[in-house]
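Step one of this worksheet: look at the structure below.
Proteins come first, then strands; the chains are lettered A, B, ... in the order of their sequence lines, and each starts at number 1.
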Protein chains: 2
Amino acid sequence: MSHKVLVVEDEPALARALAINLRSHGWEVVTAADGRSGLDAAATTHPDVVLLDLGLPDLDGTEVISGLRGWTSVPIVVLSARQHGEDKVEALDLGADDYVTKPFAMNELMARLRAAVRRAEEVAPTVSTVQVGGLLIDLARKRVARDGTDVRLTPTEWAFLELLARNLGRLVPREQVLREVWGPGYEHEGHYLRVYAAQLRRKLEDNPAHPRHLVTTSGLGYTLEP
Amino acid sequence: MSHKVLVVEDEPALARALAINLRSHGWEVVTAADGRSGLDAAATTHPDVVLLDLGLPDLDGTEVISGLRGWTSVPIVVLSARQHGEDKVEALDLGADDYVTKPFAMNELMARLRAAVRRAEEVAPTVSTVQVGGLLIDLARKRVARDGTDVRLTPTEWAFLELLARNLGRLVPREQVLREVWGPGYEHEGHYLRVYAAQLRRKLEDNPAHPRHLVTTSGLGYTLEP
DNA sequence: TACGTCCTTGACGCTTCCTTGACGCCCGCG
DNA sequence: CGCGGGCGTCAAGGAAGCGTCAAGGACGTA
């Protein structure tokens with residue numbers, strides 16, 4: 001299956017070249033043009049690896065690394081123009097996984113990204129399938145089985161459930177659900193949440209009136225409880 | 001088996017010479033005389049490799065490379081009169097796989113084309129045959145047999161089926177089918193999907209009205225079920 | 001030129017899904 | 001004690017997607 005890389009790079013030409021090359025090698029690519037949006041993108045898209053240029057306009061590269069390391073262990077590959085060892089050491093110390101110096105060969109960069117993802121997966125293998133009670137959620141095939149038999153979900157129901165499954169056990173805020181399932185601009189359509197949470201419960205819960213897995217936290221959001 | 005090469009070359013004499021030589025070496029050859037028709041041809045004929053002359057009348061060669069890399073990872077071998085490294089680097093960075101400078105030896109060109117195809121097949125190893133129920137799908141020979149007897153498919157039907165077969169058991173999203181079978185820009189032509197899914201079912205399913213192999217998931221896409 | 005193959009497009013009926021509205025419940029707060 | 005906001009439920013309307021048939025029309029070939 002294909003992996004997702006977040007490219008944080010402020011120079012448009014290089015960002016574009018990287019995106020094209022990565023896509024042609026089967027990566028799913030998300031780009032951000034500065035540190036702050038890079039941190040945001042990492043939080044919302046959950047990439048498998050981050051490719052981070054140290055020379056950003058808004059934040060020092062080390063701040064971005066710290067900002068990521070505060071909450072995620074996603075592998076970080078640093079890209080830098082500086083030849084010398086000083087901030088290489090600093091970056092690696094802060095928690096970066098690898099370091100590539102400009103100019104670089106695209107082949108080498110690809111190899112290092114692949115290696116970073118591979119190492120991370122050895123430590124914590126990617127789950128393409130999530131099990132919750134009698135529920136088996138197959139993220140790759142976009143399917144749910146309840147006690148062994150397939151359950152039919154509509155596209156929107158699936159998008160909702162998938163989002164919760166990817167954040168298993170974590171509370172997903174109302175606004176994030178609305179934004180990621182219905183798109184930006186729907187952050188205040190709270191009614192949708194209630195309708196679709198009810199539909200999912202009817203299809204997935206043993207007792208829809210007293211859900212044990214798809215739990216509401218009033219005023220905040222929803223959680224898929226293991 | 002024979003591979004298909006798309007030759008994008010504006011100079012008629014050279015295009016003809018290339019076509020003759022390639023055919024005599026067992027290649028199936030499709031030609032295009034400018035960038036735009038080259039992109040079209042790539043989308044409609046699905047070559048195994050593209051041989052691209054950078055000096056085209058209508059588009060910059062780099063635009064052609066980007067246009068291809070937006071949706072396909074077919075290997076690209078660039079042909080150029082310019083001796084020096086600048087646009088070589090640019091072409092390779094944009095996602096070209098190899099670079100040949102004019103004048104060139106036909107032998108060498110052949111070897112590089114073969115190598116490009118070989119590398120591509122190593123990255124995405126070809127399972128040469130897929131069996132689902134009474135269907136035997138031979139990816140290498142581009143053939144389908146149903147209960148032992150050959151079934152005639154049109155090129156488009158084949159492209160559709162091949163895509164599903166290469167993702168056996170996985171859901172292939174509507175947009176991906178449209179993009180990879182009809183080319184970029186056709187992502188919203190949902191009607192094509194219905195027409196061709198029906199044709200394939202008529203030819204391949206025991207009961208076309210209740211398909212057991214070519215299954216559609218409403219709003220999402222199609223799956224070839226083992 | 002005539003023919004055959006195949007892609008494209010239109011029309012129609014049917015099913016599925018999204019959206020929206022109405023209503024009742026619970027709970028905190030004035 | 002009444003009120004309002006967030007939540008859960010049900011149902012209806014319309015929009016979008018799906019399956020099918022068939023008629024142009026482009027293209028290559030006899």
What do you reckon, is CZ of B:Arg179 surrounded by more than 12 foreign heavy atoms closer than 6.0 Å? yes
Does C:dT16 have OP1 or OP2 sitting under 4.0 Å from an N or O in the side chain of A:Arg152? no
Quick one: which of C:dC7, C:dA22, C:dC18 gets closest to the side chain of A:His191? C:dA22
Rounded interatomic separation in angstrom, taking NZ from A:Lys203 and P from D:dT9: 15 Å
Taking only the side-chain nitrogens and oxygens of A:Thr216, find out if one of them lies under 4.0 Å from OP1 or OP2 of D:dG8. yes
Nearest-neighbour nucleotide for the B:Arg201 side chain, C:dT19, D:dT20, D:dG19 considered: D:dG19
What is the distance from OH of A:Tyr196 to C1' of D:dC7, rounded to the nearest Å? 18 Å
Between B:Gly219 and B:Pro155, the residue closer to the 5' end of DNA chain C by nearest nucleotide is B:Pro155
Same-atom distance (C1') from D:dG13 to C:dG24, integer angstrom: 23 Å
Side chain of A:Glu189 only, please: which of D:dG8, C:dT9, C:dT20 is the nearest? C:dT20
Is the ring pair A:Trp182/A:Phe160 parallel, tilted or perpendicular, if the boundaries are 30 and 60 degrees? perpendicular
Length of the NE2-P vector between B:His188 and D:dG17, whole Å: 10 Å
Sugar-phosphate, base or nothing in reach of B:Tyr186, heavy atoms under 4.0 Å: nothing
Using a 4.0 Å heavy-atom cut-off, does A:Ala197 contact any base of the nucleic acid, only the sugar-phosphate backbone, or nothing at all? nothing
Whether B:Arg146 and B:Asp206 form a salt bridge (side-chain N of Lys/Arg under 4.0 Å from carboxylate O of Asp/Glu) is what I want to check. yes
In Å and rounded to the nearest 0.5 Å, what is the CZ to OG1 distance from B:Arg152 to B:Thr154? 9.5 Å
Whole Å only: how far is the CZ atom of B:Arg174 from the P atom of C:dT16? 16 Å
Is the phosphate of C:dC18, meaning OP1 or OP2, less than 4.0 Å from a side-chain N or O of A:Trp182? no
What nucleotide among C:dC17, D:dT9, D:dC18 has an atom nearest to a side-chain atom of B:Arg194? D:dC18
What donor-acceptor contacts under 3.5 angstrom involve side-chain atoms of residues 215-226 of chain B, with partners at least two apart or in another chain?
residue  : atom : partner  : partner atom : Å
B:Glu225 : OE1  : A:Arg143 : NH2          : 3.4
B:Glu225 : OE2  : A:Arg143 : NH2          : 2.1

Can you tell me if B:Tyr192 touches the phosphate of D:dG19, counting only side-chain N or O atoms and a distance under 4.0 Å to OP1 or OP2? no
Nearest-angstrom distance from the residue atom CG of B:Leu193 to P of C:dT9: 14 Å
Atom CG of B:Asp40 and atom C1' of C:dT8: how far apart are they, to the nearest Å? 16 Å
Which pair of non-hydrogen atoms, one from A:Val29 and one from A:Arg23, has the smallest distance, and what is that distance? O-NH2, 3.3 Å
So, is A:Ser218 close to the C:dC27 phosphate, meaning a side-chain N or O under 4.0 Å from OP1 or OP2? no
Rounded to whole Å, how long is the line connecting atom NE2 of A:His210 with atom C1' of D:dG8? 12 Å
Scan B:Tyr222 against the nucleic acid and name what it touches under 4.0 Å (heavy atoms): base, sugar-phosphate only, or nothing. sugar-phosphate
What integer distance in Å separates A:Trp158:CH2 from C:dC18:P? 14 Å
Kindly say if B:Arg202 contacts the phosphate of D:dT20, meaning a side-chain N or O under 4.0 Å from OP1 or OP2. no
